[in-house]
Amino acid sequence: MSSQASWIAVLVTIAIVMLYEAWFAYAQRRSPQKLARAAHATLREDWFDAISEQPGSEILAVQTLRNSLMSASMVASTTVLGLMGAITLSASSLAESFGAGEGMAGVFTPRLVAELVLMTLLFAALVASAMSVRYYNHVGFVGGMPVASEARRRWHGVGRAHLRRAGVLYSWSVRNLVLVVPALAFILHPLAGPIAAVAVTLVLLSFDQVKVRD
């Protein structure tokens, strides 16, 4: 496949994902209640409010938060392994290009762009999942306080806000892992990049919408 065709393919792949994310940001600002991320964030806040009104629910709260914390920890661990593999892959490509005596123009190829996008998404997923673990850990301390205690009432607002933030960060980490697919597809074959980008955006479109059944 020619270099020009590869450049077109990588730019189309990135453009499809960026256009969807731009639409999502616009839709979230205009009608957040229709999108799963905002609805789930509100759900977590309502859960924390409800469980904070039930004496004896401290153990249930801690167990539920621990499950969420473990999920975020698994995403972080998986992302670390993927990031290490991506770095190794890109280092090999750069070493081969520099070893062949090519300049920066020769090194900066469509494949390298896809690899850099891949590493950026994995790094963003790692940071988001790690911060999600941090916030879930903080909420666990609040949720474990006796419901009727003064300390629980004093920290309720912080726990509620941290729970919302932890959930949003977790959703971003998972989302970034899904967005890795088009970059990986392009690395396997340039034409597979745009096809994978369309497929991923259609999947995300389904997941991002709130579906309520009567």
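No experiment lies behind these values; they were computed from the predicted model shown.
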Quiz item: With a 3.5 Å cut-off and no angle check, do the side chains of Ser6 and Arg111 form a donor-acceptor pair?
Solution: no
Practice problem: Report yes or no: is the cationic atom of Arg134 (NZ for Lys, CZ for Arg) under 6.0 Å from the centre of the six-membered ring of Tyr170, at an angle within 45° of the ring normal? | Solution: no
Exercise. Please round to the nearest 0.5 Å and tell me the distance separating atom CG of Leu43 and atom CZ of Arg164.
Key: 11.0 Å
Self-check item: Interatomic distance, Leu177 atom CG to Leu121 atom CG [nearest 0.5 angstrom]
Solution: 9.0 Å
Quiz prompt | Sidechain N-carboxylate O distance under 4.0 Å for Asp208, Lys34 | solution = no
Practice problem: Using the six-membered ring wherever Trp is involved, compare the ring planes of His162 and His138 and label them parallel, tilted or perpendicular (cut-offs 30° and 60°). | Solution: tilted
Quiz item: If you draw the axis of the six-membered ring of Phe24, does the NZ or CZ of Arg175 fall within 45° of it and under 6.0 Å from the ring centre?
Solution: yes
Quiz item: Would the number of heavy atoms belonging to other residues, nucleotides or ligands and lying under 6.0 Å from CZ of Phe123 be above 12?
Solution: no
Practice problem: Assess whether atom CD of Glu150 is packed by more than 12 heavy atoms of other residues, nucleotides or ligands within 6.0 Å. | Solution: yes
Practice problem: Please report the closest heavy-atom contact between Ala9 and Pro190, naming both atoms and the distance. | Solution: CB-O, 3.5 Å
Practice problem: May I ask you to establish whether Arg160 and Trp155 are in a cation-pi arrangement, using a distance under 6.0 Å from NZ or CZ to the six-membered ring centre and at most 45° from the ring axis? | Solution: no
Quiz item: Which pair of non-hydrogen atoms, one from Val198 and one from Thr201, has the smallest distance, and what is that distance?
Solution: O-OG1, 2.7 Å
